Undergrad: 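There's a structure below that I have some questions on.
Heavy atoms only: backbone and side chains are in, while hydrogens, waters and symmetry mates are out. This is a predicted model, so every value here is computed, not measured. In listed order, ligands and their atoms are each counted from 1.
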Amino acid sequence: MGLRAFLSRRIVAPHGVRPGAILVDGERIRDVVAHHEVPADAIREDFGNTALLPGLVDSHVHINEPGRTEWEGFQTATRAAAAGGYTMLVDMPLNCVPATTTVSALEAKRVAAQGTCRVDWGAWGGLVNDNHLHIPAMARAGVLGFKCFLVHPGVEEFSMVCEQDLREALPLIADTGLPLLVHAELPGPIDAATQRLYKADWTRYDTYLQSRPDEAERAAISLMLFLCREYGFRLHIVHLATGTALEMLCAAREEGLPVTVESCPHYLHLEAEQIVDGSTQHKCAPPVRGHENREQLWRGLRDGVVDMVVSDHSPCPPAMKRMNERDFQTAWGGIASLSMALPVMWTEAQQRGFSLTDIARWMAEKPAQLAGCSARKGRIAAGWDADFVVFDPDAEFTVTTNRLHHRHAISPYMGERLCGVVKRCYLRGQLSFQDGEFPGEPRGREFRAQA
Ligand SMILES: [Zn+2]
């Protein structure tokens with residue numbers, strides 16, 4: 001195929017939204033030029049006022065394959081991702097069986113992913129309480145970084161780590177130069193709160209919220225910053241849900257610690273006051289907190305303390321959500337939002353005066369940096385992969401099951417009116433999604449860290 005030109009009056013480039021044309025040669029962007037500079041022999045496609053954003057990068061997804069493919073899987077997760085404007089996912093090392101805590105487990109994942117992915121992908125390796133000696137080998141085998149839990153994650157194949165485990169692992173992780181992603185909640189404050197709630201009504205959202213206090217996040221982040229100072233590894237705080245830790249994180253950044261922070265669309269859009277009792281599709285950990293907290297998180301994004309927004313897409317079979325029992329204690333925690341994350345964020349962001357450039361920074365460029373693929377992904381610029389989303393920021397739609405595309409159509413956003421429609425998605429120059437369809441064969445491939 002020859003040179004192609006994708007024209008739009010709203011190309012979302014790193015330094016602003018402007019009219020122009022993306023010139024695509026095979027799988028890569030050759031250049032971004034003004035309309036009058038498009039070579040005469042290029043095949044043109046003009047999107048007019050519809051925006052072209054860089055393909056989104058989601059560094060926090062639970063694909064659950066191999067082993068729990070009935071929960072999700074590469075085929076369904078990457079289909080939902082393409083429909084949501086993503087071109088690259090990084091898979092979390094847990095909920096799949098085996099958990100990605102050894103090189104052989106990583107190899108099993110690669111076999112499972114083969115030929116089924118509609119977006120590119122990479123793998124985080126797991127750090128558990130007995131595998132720190134596997135860290136160098138996993139890094140050489142191409143994981144993009146490591147993930148650990150400071151609280152029990154809810155599946156038996158993946159253990160939490162304590163400070164002593166971390167002290168054994170951190171010198172090895174620092175040596176790899178790869179980031180350590182941390183689920184930052186400590187069990188102490190959660191256990192204490194849960195004991196006080198032993199007679200509480202667990203169909204009430206407020207009971208669940210009280211059981212996972214802000215203090216659990218603050219104490220965990222404080223411990224991790226302390227260890228970051230000591231060992232000098234790249235620390236990444238996943239799914240920050242409490243606004244009360246922003247000051248501490250801001251100070252750590254000013255001190256020069258190599259710490260980055262993500263939050264998720266559900267923490268930036270939902271608020272505890274609006275969650276009705278028994279609505280277990282809203283359960284995730286840490287929990288969605290109150291209105292004022294949500295506004296604090298937005299201030300964190302505005303100030304740059306929160307670097308990025310990722311989905312934490314974490315589905316499960318419907319029965320595990322305990323929707324009949326309406327029980328927040330036994331329901332699986334996790335919100336699946338790959339296909340809705342962009343419109344949810346755009347709906348909130350535009351009301352607050354943010355632009356599509358901000359969206360691209362939070363949802364493409366920064367996650368690509370975290371995952372080590374920012375020289376290929378996350379930008380519309382010469383030399384980058386020809387990954388982009390055709391996005392109509394002015395259109396609205398209502399969330400219905402046929403727009404979700406992940407395996408089990410459960411969503412806390414069901415029935416909501418949202419702004420911004422993903423019309424098409426291009427992965428390395430070829431259509432991966434178009435108006436509800438997934439044209440062509442799955443072409444996604446793994447991105448590996450360069451050891
Ligand atoms: Zn997660």
Side-chain angles (χ1 to χ4, degrees), residues 56-65 67-68 71-74 77-78 80-81 84 86 88-97 99-101 109 121-128 143-161 179-186 190 212 216-217 220-221 224 235-242 260-268 270 281-289 297 306-316 320-321 331-338 340-341 344 363 367 370-371 406-408 410-412:
L56 305 183
V57 176
D58 195 343
S59 54
H60 192 152
V61 181
H62 298 266
I63 295 175
N64 305 338
E65 187 173 358
R68 286 202 178 89
W71 291 22
E72 181 61 304
F74 280 100
T78 63
Y86 288 94
M88 166 91 188
L89 305 181
V90 191
D91 184 37
M92 281 294 169
L94 71 162
N95 303 353
C96 49
V97 186
T100 320
T101 52
K109 185 170 288 293
W121 69 282
W124 300 122
L127 171 66
V128 290
V143 298
L144 305 180
F146 297 90
K147 162 83 180 283
C148 70
F149 276 71
L150 302 185
V151 67
H152 194 276
V155 289
E156 63 188 25
E157 313 81 24
F158 202 93
S159 54
M160 57 180 269
V161 291
L180 176 64
L181 287 68
V182 181
H183 179 120
E185 285 182 293
L186 282 189
I190 295 174
R212 296 193 91 116
E217 286 190 73
I221 291 168
M224 290 314 302
L235 169 63
H236 179 73
I237 304 298
V238 299
H239 51 47
L240 181 75
T242 178
T260 50
V261 181
E262 70 183 36
S263 192
C264 307
H266 36 280
Y267 302 123
L268 294 158
L270 304 171
Q281 63 268 38
H282 288 81
K283 180 179 175 180
C284 57
V288 170
R289 304 187 188 280
L297 291 175
V306 178
D307 300 90
M308 65 193 80
V309 178
V310 300
S311 76
D312 192 9
H313 180 85
S314 186
C316 69
M320 290 182 66
K321 275 293 187 187
W332 176 257
I335 287 175
S337 66
L338 273 170
M340 288 300 136
V344 166
M363 301 182 78
L370 176 70
H406 59 278
R407 186 176 296 279
H408 304 289
I410 298 170
S411 168

Undergrad: Check all N, O or S atoms of Asp312 and name the one closest to the Zn ion (ligand 1).
TA: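 Atom name returned: OD1.
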Undergrad: Cut-off 3.5 Å, side chains only: do His60 and His313 have a donor facing an acceptor?
TA: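 No, His313 and His60 have no side-chain donor paired with an acceptor closer than 3.5 Å.
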Undergrad: Of the backbone and side-chain N, O or S atoms of His239, does one lie nearer to the Zn ion (ligand 1) than 2.8 Å?
TA: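 Short answer: no, not a single N, O or S atom is under the cut-off.
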Undergrad: Got a sec: is His62 within less than 2.8 Å of the Zn ion (ligand 1) via an N/O/S atom?
TA: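 For His62, the answer is yes, given that an N, O or S atom comes within less than 2.8 Å of the Zn ion (ligand 1).
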Undergrad: Could you tell me if the side chain of Cys284 sits less than 4.5 Å from the side chain of Tyr267, heavy atoms only?
TA: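 Yes, close enough: below the 4.5 Å cut-off.
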Undergrad: Just verifying a value: how many Å separate Cys96 SG and Ile63 CD1, rounded to the nearest 0.5 Å?
TA: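 Separation between the atoms: 9.0 Å.
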Undergrad: Counting only N and O atoms by type, is there a donor-acceptor contact under 3.5 Å from the side chain of Lys321 to the main-chain atoms of Gly334?
TA: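 Flag set: sc Lys321 to bb Gly334 pair under 3.5 Å.
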